[in-house]
Enquirer: 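There's a structure below that I have some questions on.
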Number of protein chains: 2
Amino acid sequence: MSVLERSHLKIIQEVAREGSLTAAGLRLNLTQPALSHAIRKIESQLGVKIWRREGRSLALTQSGEWLLSLANRLLPQFELAENRLEQFANGERGTLRIGMECHPCYQWLLKVVSPYLERWPKVDVDVRQKFQFGGIGALFSNEIDILVTPDPLYKPGLKFTPVFDYELVLVVGAQHPLKDEKFVVPEQLSGETLITYPVPSERLDIYTQFLQPAGIAPRQQKQIETTDIMLVMVAHGRGVAALPRWLAEEYASRFELYPLKLGKKGIAKQIFLGRRETDEEIRYLVDFIEFAASLDSEI
Amino acid sequence: MSVLERSHLKIIQEVAREGSLTAAGLRLNLTQPALSHAIRKIESQLGVKIWRREGRSLALTQSGEWLLSLANRLLPQFELAENRLEQFANGERGTLRIGMECHPCYQWLLKVVSPYLERWPKVDVDVRQKFQFGGIGALFSNEIDILVTPDPLYKPGLKFTPVFDYELVLVVGAQHPLKDEKFVVPEQLSGETLITYPVPSERLDIYTQFLQPAGIAPRQQKQIETTDIMLVMVAHGRGVAALPRWLAEEYASRFELYPLKLGKKGIAKQIFLGRRETDEEIRYLVDFIEFAASLDSEI
DNA sequence: TACAATCATGAAAATATATCATTATTATTC
DNA sequence: GAATAATAATGATATATTTTCATGATTGTA
């Protein structure tokens, strides 16, 4: 059976350090008889002598020397562990697992994460994008801690906070006939090639909020994974794409792009951050959301 | 303060392994409430949640995952330690520190040690030759465990056992005029160069038991550290030396040497092994002495 | 030889741990 | 959807362990 405990190793270490039970007891906040009894007990349980009385103090036996080296090896690891856990407890340390449900959110997230990592040097951030049961499911199953989504779902146990407003615009290239329009109407896209991220159209606002209500479909749809390639295609007149205005502006320095309002009023969107209500006390987690919201104006 | 104990790590490991308190309790010979209470207690002491109820079983939190990896790292070391200590307890494992007080004993010891290491595969042997307060002092101060000496000193707390009988002989080279004598008398050495190990003459039997009683001194004395060189010198007629007969015979194949009785009756010697009486129960130690004694006839 | 400093010991007190009996929660099944 | 089975949580009690206190034993020192 298991007899050797951390406390025993501590006693061995401290007695070896001080050379006497009385002195070691002082450091351990224990009396000399407490140590004497403790030693006697583990010696009899382990079946080995750990100390031998040498005059009026104690000297380690061979087994004792061996145990001391064990103690010196293991005790620091216990102490490190407790320090770490204290940081976990204080919410200073942890891993923030962020789940993403919208492609362009990724560009936004990148801008938030790096200053956040400065604020929380002991917090690691992990970004995930695929979820078996959707982003909400991933939140509930503790697969992620924060969900970045444009579609909040107000369910009990979850809390969503809007952190960023943006406008969804249509982006066209320099040779495109619509490039100087103030806005586009659905009918103007019926002959176009629409480039989108590879997600079902019911999750694309350009469909749900613009084309479908008008009963229009684009001539062709192409799915492309990355924003960069998507915009290269747009810039060369291979199609048009719907993206956040700020994102289009960001790429404007690299490609000649023209952002057009979708409809007369444009399509306003928000990014929300969702979390479990039970995570209320996790400081670095709640702070991520507050911090992200405070950055809104700057992006 | 220190709260994390080995037993806690064991609980964490076992619950993680089994996924439920009930099952883990079975393996740990504890009831489910015992584990429930234990967990609650360390969670409150550490200030972190380790598990979260997931349906009707438990899932580790981030802190819990971290603790589990700690447990997987540290627990095997505790187990290894207890196995080791059991071997120490059974006297299967240890280090036998052998002290030597006589030069030629070294040759004898070599013959004993190698079969002994076969008998006790987990015992290490360490041979030491210099002692600040003499061999006996080294035994008493636990600097060594066994003393190899031709001069036992019967003191309380020590036990000496004769393990080997031999005859001290004078060794001369092939050109030496005495080489065919049956024995030598002290006077025959008065013109000789006597080669000895570098120790005070009061610790050399050739002086104490042969030359001094007759009031004779050799013409010259040379001190040489190693037996090999000593015998090279003797073989080339540069002097004579006093050595155990068996040692002279061993070297006879390499050098042409002639062993002569010292006095009509010769000088009979014994090697003794001394140990502390308190080491009675150390099996491998007591066995070393018995084993050495049993080899007497073979050497 | 007395004295001071240490460890050892045994009984009692204090604390910690484990159990029992029960309740609460949550999947599963009919 | 209600009954059931499997699980964890809880609180009171019992048990075990650890610690202390008071004292005795040992040993080195003045």
Side-chain angles (χ1 to χ4, degrees), chain A residues 1-12 14-46 48-61 64 133 137 140-142 155-157 276 278, chain B residues 1-12 14-46 48-61 64 133 137 140-142 156-157 276-278:
Chain A
M1 279 287 88
S2 306
V3 295
L4 207 52
E5 285 289 336
R6 175 191 185 180
S7 55
H8 300 141
L9 294 183
K10 189 71 198 164
I11 291 175
I12 288 165
E14 226 36 86
V15 173
R17 180 195 152 100
E18 297 290 332
S20 92
L21 298 191
T22 319
L26 239 70
R27 287 176 57 88
L28 294 168
N29 293 314
L30 287 173
T31 57
Q32 169 268 315
L35 296 186
S36 185
H37 281 139
I39 286 168
R40 200 144 313 278
K41 192 176 173 202
I42 56 172
E43 282 188 337
S44 84
Q45 282 182 313
L46 292 173
V48 295
K49 276 254 165 297
I50 301 175
W51 281 280
R52 139 174 56 75
R53 266 197 83 154
E54 192 101 308
R56 64 180 163 203
S57 71
L58 296 171
L60 287 168
T61 62
F133 304 107
F140 268 120
S141 69
N142 273 277
K155 282 202 174 187
R276 289 177 295 274
T278 52
Chain B
M1 277 292 88
S2 305
V3 294
L4 207 51
E5 285 289 335
R6 175 191 185 178
S7 56
H8 300 141
L9 294 182
K10 189 71 197 164
I11 290 174
I12 288 164
E14 221 44 79
V15 173
R17 179 194 153 98
E18 297 289 331
S20 92
L21 298 192
T22 319
L26 238 71
R27 289 175 56 88
L28 293 167
N29 293 315
L30 288 173
T31 57
Q32 170 267 315
L35 295 186
S36 185
H37 283 141
I39 286 169
R40 200 143 313 276
K41 191 175 174 202
I42 57 172
E43 281 187 339
S44 85
Q45 282 182 314
L46 292 172
V48 294
K49 277 255 165 298
I50 301 175
W51 281 279
R52 144 174 52 76
R53 264 195 85 153
E54 192 101 310
R56 63 182 165 200
S57 71
L58 297 170
L60 287 167
T61 62
F133 303 108
F140 268 120
S141 69
N142 272 277
R276 289 177 294 276
E277 277 175 352
T278 53

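All chains are named by letter (A, B, ...) in the order of the sequence lines, taking the proteins before the strands, and each is independently numbered beginning at 1. Below, all heavy atoms of this structure are taken into account, side chains as well, without hydrogens, waters or symmetry copies.
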Enquirer: Taking 4.0 Å as the cut-off, does a side-chain nitrogen or oxygen of B:Lys41 come that near to OP1 or OP2 on C:dA16?
Expert: no

Enquirer: Less than 4.0 angstrom between a side-chain N/O of A:Arg40 and OP1 or OP2 of C:dT9, yes or no?
Expert: yes

Enquirer: With a 3.5 Å distance limit and no angle check, can you tell me whether A:Thr22 reaches the backbone of A:Gln32 through a side-chain donor-acceptor pair?
Expert: no

Enquirer: How long is the line joining CD1 of B:Ile11 and C1' of C:dT17, in whole Å?
Expert: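 So the CD1-C1' distance, B:Ile11 to C:dT17, works out to 10 Å.
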
Enquirer: Okay, side chain of A:His37, backbone of A:Ala34: is any donor-acceptor separation there less than 3.5 Å?
Expert: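 Absent.
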
Enquirer: Between B:Leu26 (CG) and C:dT19 (P), how many Å, whole number?
Expert: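 Roughly 12 Å, once rounded to whole Å.
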
Enquirer: Closer to the 5' end of DNA chain D via nearest nucleotide, is it A:Ala38 or B:Gln32?
Expert: B:Gln32

Enquirer: Round to the nearest Å and state the distance from A:Gln45 atom CD to D:dT18 atom C1'.
Expert: 12 Å

Enquirer: Provide, to the nearest angstrom, the distance between the CZ atom belonging to A:Arg53 and the C1' atom belonging to D:dG24.
Expert: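 A:Arg53 atom CZ is separated from D:dG24 atom C1' by 12 Å.
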
Enquirer: Which whole-number value in Å describes the distance from B:Arg52 CZ to D:dA9 P?
Expert: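 Taking CZ of B:Arg52 and P of D:dA9, I get 13 Å after rounding.
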
Enquirer: Nearest to the side chain of B:His37, heavy atoms from C-beta on, is which of D:dT7, D:dG11, C:dT9?
Expert: D:dG11

Enquirer: Does B:Thr22 make a side-chain N or O approach to OP1 or OP2 of D:dA6 shorter than 4.0 Å?
Expert: no

Enquirer: Looking at C:dT19, I'd like to know if its phosphate oxygens (OP1 or OP2) sit under 4.0 Å from a side-chain N or O belonging to B:Thr31.
Expert: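 Yes, because at least one side-chain N or O of B:Thr31 sits under 4.0 Å from OP1 or OP2 of C:dT19.
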
Enquirer: Tell me: CD of A:Glu43 to C1' of C:dC7, nearest whole Å?
Expert: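 After rounding, the gap between these two atoms is 12 Å.
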
Enquirer: What integer distance in Å separates A:Ile39:CD1 from C:dT9:C1'?
Expert: 14 Å

Enquirer: How many whole angstroms separate atom CG of A:Leu35 from atom P of D:dT19?
Expert: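 Result: 8 Å.
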
Enquirer: Among the candidates C:dA18, C:dC20, D:dC21, find the nucleotide nearest to the side-chain atoms of B:Pro33.
Expert: C:dC20

Enquirer: Using atom types as modelled and distance alone, determine if a side-chain donor or acceptor of A:Glu14 lies under 3.5 Å from a backbone N or O of A:Arg27.
Expert: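 No; judged by distance alone, with no hydrogens or angles, the pair does not exist.
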
Enquirer: When you measure from the side chain of A:Arg6 to the backbone N and O of B:Leu4, does any donor-acceptor pair fall under 3.5 Å?
Expert: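 Side chain of A:Arg6 to backbone of B:Leu4: a pair is present.
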
Enquirer: Using only atom types and a distance under 3.5 Å, with no angle test, would you say the side chain of B:Thr61 pairs donor to acceptor with the backbone of B:Lys49?
Expert: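 Yes.
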
Enquirer: Side chain of B:Ala34, heavy atoms from C-beta onward: which of C:dA18, D:dA9, D:dT19 has the nearest atom to it?
Expert: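 Between C:dA18, D:dA9, D:dT19, the one nearest the side chain of B:Ala34 would be C:dA18.
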
Enquirer: Within the structure shown, what part of the strands sits under 4.0 Å from A:Ser36 by heavy-atom distance: base, sugar-phosphate, or nothing?
Expert: base

Enquirer: Considering only side-chain heavy atoms of B:Leu30, which listed nucleotide, C:dC7, C:dT19, D:dA9, is closest?
Expert: C:dT19

